[in-house]
Amino acid sequence: MTAERFDPSVADRRWQAAWDEARCFEADSNSAKPKSYVLEMFPYPSGRIHIGHVRNYTMGDVLARYRRMRGDEVLHPMGWDAFGMPAENAAMEKGVHPAGWTYDNIATMKGQLKQLGFALDWSREFATCDPSYYGHEQALFVDLYEAGLVYRKESEVNWDPVDMTVLANEQVIDGKGWRSGAEVEKRKLNQWFLKITDFAEDLLDGLDTLDGWPDKVRTMQTNWIGKSQGLEFRFVGTNFDETIEVYTTRPDTIFGASFVAVAADHPIARAVADTSAEAADFIALCKKGGTTAAELETAEKLGLDTGLKVAHPFTGAELPVYIANFVLMDYGTGAIMAVPGHDQRDFEFATKYGLPIPRVVAASAEEAGKPFAGEAESGDGVLVNSDFLSGMDVEAAKTEVIARAEAEGWGKGTTVWRLRDWGVSRQRYWGTPIPFIHCDGCGVVSVPKDQLPVVLPEDVDFSVPGNPLLRHPTWKNTTCPKCGGAAERETDTLDTFVNSSWYFLRFASQPADKPFDAAEVAQWMPVDQYIGGIEHAILHLLYARFWTRALARTGHLEVQEPFASLFTQGMVTHEVYSRQDGPRELYFTPAEVERTGNGASLKADGGPVTIGKVVKMSKSKKNVVDPEDIIRDYGADAVRWFMLSDSPPERDLPWSEAGIEGCGRFVQRLWRLFGRYDAAATGEDKALARKTHQTIAAVAEDIEALAFNKAVARLYELTSAAEKAAPSASRNHAIRSLLLMASPMMPHLAEEAWHAMGESGLVADAAWPEVDPALLVEDEVTIAVQHMGKLRDTLTAPKGASKDDLEALALASANVQRSIDGKPIRKVIVVPDRLVNIVT
RNA sequence: GCCCCUGUGGCGGAAUUGGUAGACGCGCUCGACUCAAAAUCGAGUUUCUUACGAAGUGCCGGUUCGAGUCCGGCCAGGGGUACCA
């Protein structure tokens with residue numbers, strides 16, 4: 001006899017303990033079975049698990065459990081992306097130590113993940129802030145340095161002149177510092193860089209091999225890497241004694257150039273500023289504001305005429321030289337030839353400063369004089385008003401200009417990449433210390449490997465803004481490993497994206513004395529299925545691909561691509577609640593807010609709060625929901641089922657409470673059905689047997705495609721069919737199959753019912769049900785009958801009926817005849833097993 | 001600004017990839033059971049129309065015997081934009 005109701009508050013813990021005890025989910029690196037590495041992006045320990053995590057890890061868990069049922073040795077690990085800014089913010093706001101705050105959060109969140117019953121190999125858990133992890137990272141960083149992949153250069157940061165500290169882009173709001181409210185400036189610092197551009201071509205080519213990745217991610221990375229062919233050439237000064245190197249991707253439009261523009265920190269601009277106060281002021285003005293591309297691109301186009309003139313290489317005409325705030329020193333040569341007719345930024349600039357806007361490309365030669373309709377035309381066409389280029393198409397003209405420039409010796413065709421080297425310096429405490437020492441005599445010296453890890457000091461002060469490592473009284477004082485003299489440690493720490501660029505290798509193998517064992521890593525890599533948010537489509541995934549290649553080049557690895565298949569889940573979204581407090585926006589969690597009609601108020605003080613847009617749940621906006629309450633009320637299986645139902649996993653999921661209750665009811669409904677399993681029942685139910693086998697095949701296909709919402713719908717259908725069926729051997733088979741198919745999704749219920757059915761062992765170790773291919777095909781099909789493409793009737797026909805038979809059946813329909821109304825039939829289209837369309 | 005994605009009933013979505021639009025679930029309505037409620041079970045649920053039927057997949061246009069699906073042009077929302085993770 002089984003209990004009336006399934007009680008998750010007892011069953012969840014019972015089976016979680018049973019899995020732990022049996023060590024079901026610990027991966028064996030020496031197994032003879034086929035390997036399967038299933039990985040979800042590890043979480044930042046922000047405090048508590050949120051719904052987005054639950055969705056992500058439930059998907060991975062279903063796949064991991066399914067692959068185990070299919071006989072694979074599965075590696076499904078979990079750990080913590082534990083360095084980052086929120087820990088320092090907590091230290092400043094609450095006076096807690098970043099380490100204590102982080103490890104407390106990890107303990108809480110690990111407990112929450114355990115409550116969800118995930119099939120994780122906890123024996124491999126680590127946090128990136130463990131010195132045993134970041135110490136190995138320091139060693140790898142030194143290896144990359146020795147391979148010439150690490151260097152230092154000056155680079156701009158967001159500088160808060162009041163707090164005297166570097167701000168993250170996120171901390172710059174409308175050009176002002178988030179705490180001080182001061183206007184942010186760009187400031188140059190000497191920083192550490194990784195030579196990702198060395199691998200630009202390879203990272204681009206590698207995308208073609210990643211068949212298991214979504215096309216949209218490959219497209220985004222392709223555009224990000226941004227390979228472009230163009231022309232680099234010199235303009236010669238006519239009233240000054242220098243040349244200006246420019247780069248353009250549109251050499252075909254060279255006859256449309258009406259001015260030249262240089263970046264504010266271009267050497268020409270600086271030289272002009274030396275003698276012109278006006279230019280110096282303008283350059284200072286360009287320093288205002290933050291460093292993000294979005295900010296630079298949308299800022300008002302500003303320029304200053306330097307008075308310098310250069311000669312057009314073909315016409316000899318004099319063009320003015322401007323300093324412009326929209327030209328970037330980092331891209332190309334830091335100077336451009338501006339063609340206002342065919343580049344929108346140049347168009348806006350020329351309009352503002354009254355510069356000519358000639359047309360050199362048109363839809364046809366006849367439209368050579370057509371005026372512009374208020375914006376630049378960057379599309380294809382035929383060259384006009386362009387001397388020897390007139391009449392050519394854009395591609396031919398590009399080739400011709402490059403050929404002439406090279407023949408005449410004033411320019412050359414070049415490839416330029418949008419991708420820039422990866423700046424990894426952070427002027428912060430809670431990150432991996434960069435393992436280098438600055439010595440007055442020896443310069444920059446790496447810390448010898450036997451002195452690693454360089455450990456963060458624990459006694460740090462967060463009462464004032466700025467980098468605590470820089471002002472720590474003793475930490476940076478050390479001796480030079482080369483000369484033994486007094487020297488200082490580097491106080492910058494590494495970007496946290498470095499931590500997440502190799503954690504999947506450490507999960508596969510974690511010896512104490514080195515980052516990983518090459519042979520053991522080779523057992524598991526590449527990751528067979530990587531699952532994470534679409535927001536990581538570019539940065540994290542590109543950095544991890546680069547780091548893997550860099551480790552391959554330095555002899556640590558064989559594999560080039562870390563992630564064979566990628567699935568990008570949609571984000572869980574929720575509206576944002578906030579209130580203005582001076583210069584700062586204060587955010588509130590949905591739990592702190594009372595939603596009333598179309599308004600909202602804060603529970604604590606009853607005052608109104610502003611309802612913002614529905615956006616991805618994030619710690620900084622506090623629009624997060626705590627899953628623990630729902631687990632307590634409905635059990636882990638209902639929550640897991642809810643995460644998989646309805647919304648396609650790649651799509652955003654707007655969070656709502658509605659629906660979870662239905663999932664709780666379905667858990668009980670399944671439990672009742674499982675209770676009706678009757679070992680003594682005999683007899684066959686052909687229709688149910690067919691439905692069962694069709695479902696097994698379809699659910700397997702859906703899970704492999706990560707189409708969980710479709711698998712769920714099919715399980716509902718089979719449940720309904722089995723409920724309506726009379727007891728029989730076929731029904732027993734349906735029930736048993738249903739239990740096994742549901743087990744990756746509702747593992748606790750499945751174990752409990754399996755046990756109640758008298759089965760021995762764990763469902764977690766059971767095999768996926770077999771399919772009888774003979775039962776997959778239907779012998780009758782429904783045919784749609786259309787007249788002029790409109791549905792007039794449906795009819796039933798044997799599968800595989802001939803075209804003539806179907807046509808005859810269709811014409812025999814009274815509905816069809818009425819619709820045709822005696823008109824002559826011109827054509828009949830028959831799609832076998834699907835439809836007949838009659839055209840009159 | 002630029003790159004990428006998404007848009008289908010009251011809601012989440014399905015549609016064998018050009019072939020019956022709305023599977024399945026949520027919600028709602030009605031009914032059964034009950035003294036009553038919960039739970040459970042059954043029926044209904046795109047819109048308009050008394051009906052025949054017509055319209056309908058963000059908007060406008062195109063290709064096709066046939067378009068949610070393909071093409072062109074828009075609109076709206078979201079993600080990324082190199083120091084949020």
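Chain letters run A, B, ... following the sequence lines, proteins first, then strands; residues in each count from 1. From a predicted model like this one, the values you see are computed outputs, not experimental measurements. Atoms considered below: every heavy atom in the structure, side chains included; atoms not considered: hydrogens, waters and symmetry mates.
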For A:Thr782, report the nucleic acid contact type (base, sugar-phosphate, nothing); a contact means any heavy atom under 4.0 Å. base
Looking across every strand, which nucleic acid part, if any, lies under 4.0 Å from A:Leu419 by heavy atom: base, sugar-phosphate, or nothing? base
Would you say the side chain of A:Leu795 lies within less than 4.5 Å of the side chain of A:Val785, judging by non-hydrogen atoms? yes
Quick one: which of B:A23, B:A85, B:U40 gets closest to the side chain of A:Ala713? B:A23
Base, sugar-phosphate alone, or nothing: which one does A:Glu661 contact when heavy atoms must sit under 4.0 Å apart? nothing
With a non-hydrogen cut-off below 4.0 angstrom, is A:Val157 in contact with a base, only sugar-phosphate, or nothing? base
Plane angle bin for A:Trp641 and A:Phe666 - parallel if under 30°, tilted between 30 and 60°, otherwise perpendicular: parallel
Just to be sure I understand the rule, does A:Thr219 reach a base, reach only the sugar-phosphate, or reach nothing, if contact means heavy atoms closer than 4.0 Å? sugar-phosphate
Span that lies between the C1' atom of B:A23 and that of B:G13, in whole angstrom: 10 Å
Enter syn or anti for the glycosidic conformation of B:U17, syn applying to angles within 90° of 0. syn
Can you figure out which of B:U20, B:U81, B:G25 approaches the side chain of A:Asp646 most closely? B:G25
Using a cut-off of 4.0 Å on non-hydrogen atoms, how would the nucleic acid contact of A:Arg672 be classed: base, sugar-phosphate, or nothing? sugar-phosphate
Please work out whether B:G53 sits syn or anti, treating a glycosidic angle within 90° of 0 as syn. anti
Verify the contact: side-chain N or O of A:Arg818 to OP1 or OP2 of B:G53, cut-off strictly under 4.0 Å; return yes or no. yes
P atom, B:G62 versus B:C52: distance in rounded Å? 31 Å
Quick one: is B:C2 close enough that its OP1 or OP2 comes under 4.0 Å of any side-chain N or O from A:Asn223? no
